[in-house]
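Everything below concerns the one structure shown next.
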Amino acid sequence: MGEWIPRRQPSGTGERVLDREFFERPAPEVAPDLLGRVLAHGPVAVRLTEIEAYGPPGSDPASHTYRGRTPRNAVMFGPPGHLYVYFTYGMHYCANFVCLPEGLGSGVLLRAGEVVRGVEAARTRRHRPSTAAPLTGPGRTVTERDLARGPARLAVALGIGREHNGADCCAGGGPDGLRVLEGEPVDSASIRCGPRTGVSSAADTPWRFWIDGDPTVSPYRRHVPRTRPG
DNA sequence: CGTGCGATCCGCT
DNA sequence: GCGGATCGCACGT
């Protein structure tokens with residue numbers, strides 16, 4: 001494989017915000033269509049290279065909505081095109097776009113991307129020496145390709161946290177708000193799919209989509225049950 | 001490059 | 001209580 005040349009700021013075209021109707025479809029249809037699109041927030045913009053789909057209640061054991069509506073997953077039952085942000089493993093945030101019409105509870109997890117704008121701002125967010133669980137320790141550098149390679153890293157790069165749960169990404173959001181841009185859709189010939197990462201059930205459902213050969217796609221990790229110290 | 005482990009909070013059973 | 005849509009680091013190959 002040839003040398004990787006990082007993309008920069010998406011040129012003029014593709015800056016339009018995606019229509020809400022884009023997300024009013026089943027998650028496994030939305031996910032591949034999102035590859036090559038751009039999520040922007042403040043100074044940082046990320047071109048999406050890897051997306052996972054999660055289905056509505058009862059249909060998908062791996063989905064946070066599988067057992068129905070709860071306070072945590074309520075946003076997933078809301079209008080499409082909004083952000084569902086959840087907290088996991090005691091230290092990480094991950095972001096999804098809500099899919100399907102209101103009331104149905106489905107979404108797509110943003111698993112990885114390439115920082116195409118605000119590389120330095122994104123890198124700065126990786127150094128959090130005062131936090132109990134820094135994503136990067138002091139004195140370490142993060143390569144550009146790793147800045148948004150993985151769902152929790154992507155959330156950090158974009159400055160997404162608890163307060164963005166429910167944010168509407170199709171509403172424009174202003175120059176500093178969260179907004180999902182058209183970007184450049186990826187040719188279907190370069191899209192691959194396979195089992196989802198890190199899920200303990202329905203691991204065989206091939207609802208993880210990525211851009212073939214893109215180095216910012218996260219490494220596949222099988223689910224491993226964890227045991228507790230003590 | 002692969003495997004193994006610890007960190008650390010929260011929702012749900 | 002238990003396990004989780006994860007990650008960085010140490011260590012072996």
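By convention in this document, chain letters (A, B, ...) are assigned in the order of the sequence lines, proteins followed by strands, and residues within each chain are numbered from 1.
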Next on the checklist: By the 4.0 Å heavy-atom rule, please label A62(A) as base, sugar-phosphate, or nothing.
Outcome noted: base
Checklist outcome for this item: Atom CZ of R222(A) and atom C1' of dG4(C) are separated, to the nearest Å, by 16 Å
Next on the checklist: Closest approach to the side chain of S200(A), judged atom by atom: which nucleotide of dC7(C), dT6(C), dG4(C) is it?
Outcome noted: dG4(C)
Checklist entry - For R111(A), does its backbone N or O pair with a side-chain atom of R208(A) as donor and acceptor, under 3.5 Å? => result no
Checklist entry - Between dC1(B) atom P and R221(A) atom CZ, what is the distance in whole Å? => result 13 Å
Side-chain donor/acceptor pairs under 3.5 Å, residues 77-90 of chain A, sequence neighbours excluded:
| residue | atom | partner | partner atom | Å |
| --- | --- | --- | --- | --- |
| H82(A) | ND1 | G166(A) | O | 2.9 |
| Y84(A) | OH | H64(A) | ND1 | 2.8 |

Checklist entry - dA5(C) phosphate, OP1 or OP2: any side-chain N/O from R208(A) under 4.0 angstrom? => result no
Checklist entry - Mind checking whether I191(A) and W210(A) have side chains closer than 4.5 Å, heavy atoms only? => result no
Next on the checklist: Walk me through whether R196(A) and E52(A) qualify under salt bridge (charged side-chain N to carboxylate O under 4.0 Å, His left out).
Outcome noted: CA-CA 7 Å; R196(A) 294 173 290 189; E52(A) 272 177 7; 5.6 Å; no
Next on the checklist: Run the side chain to side chain contact (heavy atoms under 4.5 Å, CB included) test on D60(A) and W207(A) for me, step by step, so that the C-alpha distance in whole Å, both residues' side-chain angles and the decisive distance to 0.1 Å come before the verdict.
Outcome noted: CA-CA 11 Å; D60(A) 180 8; W207(A) 282 1; 3.8 Å; yes
Next on the checklist: Does E114(A) form a salt bridge (charged side-chain N to carboxylate O under 4.0 Å, His left out) with R153(A)? I'd like the steps, not just the answer.
Outcome noted: CA-CA 11 Å; E114(A) 173 185 2; R153(A) 293 158 159 185; over 6 Å; no
Any N/O pairs under 3.5 Å between the protein and nucleotides 11-13 of chain B? List them or say none.
| residue | atom | partner | partner atom | Å |
| --- | --- | --- | --- | --- |
| dC12(B) | OP1 | T70(A) | OG1 | 2.3 |

Next on the checklist: If I take atom CG in residue N96(A) and atom P in nucleotide dA5(C), what distance separates them, rounded to the nearest angstrom?
Outcome noted: 11 Å
Checklist entry - Can you find a donor-acceptor N/O pair under 3.5 angstrom joining the side chain of Y89(A) to the base of dA7(B)? => result no
Item to check | Atom-to-atom span, OH of Y93(A) to P of dT6(C) - whole angstrom | outcome: 16 Å
Checklist entry - Between the side chain of D214(A) and the main-chain N/O of I211(A), is any donor-acceptor distance below 3.5 Å? => result no
Checklist entry - Can you list the residues that meet the ring pair (Phe, Tyr, Trp, His ring centres under 6.0 Å) rule with F23(A), with sequence neighbours excluded? => result F97(A)
Checklist entry - Is there a side-chain polar atom (N or O) of H223(A) under 4.0 Å from OP1 or OP2 of dA5(C)? => result no
Checklist outcome for this item: Secondary structure of DNA chain B per the Watson-Crick/G-U criterion (both distances under 3.5 Å; [ ] crossing, | other strand, . unpaired) is |||||||.||||.
Item to check | Integer-rounded Å distance: dG4(C) P and M91(A) CE | outcome: 14 Å
Checklist entry - Who are the salt bridge (charged side-chain N to carboxylate O under 4.0 Å, His left out) partners of D212(A), not counting sequence neighbours? => result R192(A)
Checklist entry - R153(A) has an atom CZ; how far is it from atom C1' of dT6(C), in whole Å? => result 9 Å
Checklist entry - Can we say R20(A) and D168(A) salt-bridge, meaning some charged N sits less than 4.0 Å from an Asp/Glu carboxylate O? => result yes
Next on the checklist: For a quick check of understanding: with a heavy-atom distance under 4.0 Å over all strands, which category does F87(A) fall into, base, sugar-phosphate or nothing?
Outcome noted: sugar-phosphate
Item to check | Of the listed nucleotides dG4(C), dC10(B), dA5(C), the one nearest the side chain of S63(A) | outcome: dA5(C)
Next on the checklist: Taking E144(A) first and then R8(A), would you say they form a salt bridge - that is, a charged N and a carboxylate O separated by under 4.0 Å?
Outcome noted: yes
Item to check | Side-chain N,O (R149(A)) to OP1/OP2 (dC7(C)) below 4.0 Å | outcome: no
Next on the checklist: I'd like to know if the side chain of E50(A) and the backbone of S218(A) have a donor-acceptor N/O pair within less than 3.5 Å.
Outcome noted: yes
Item to check | Residues from residues 107-123 of chain A lying under 4.0 Å of DNA chain B - heavy atoms | outcome: none
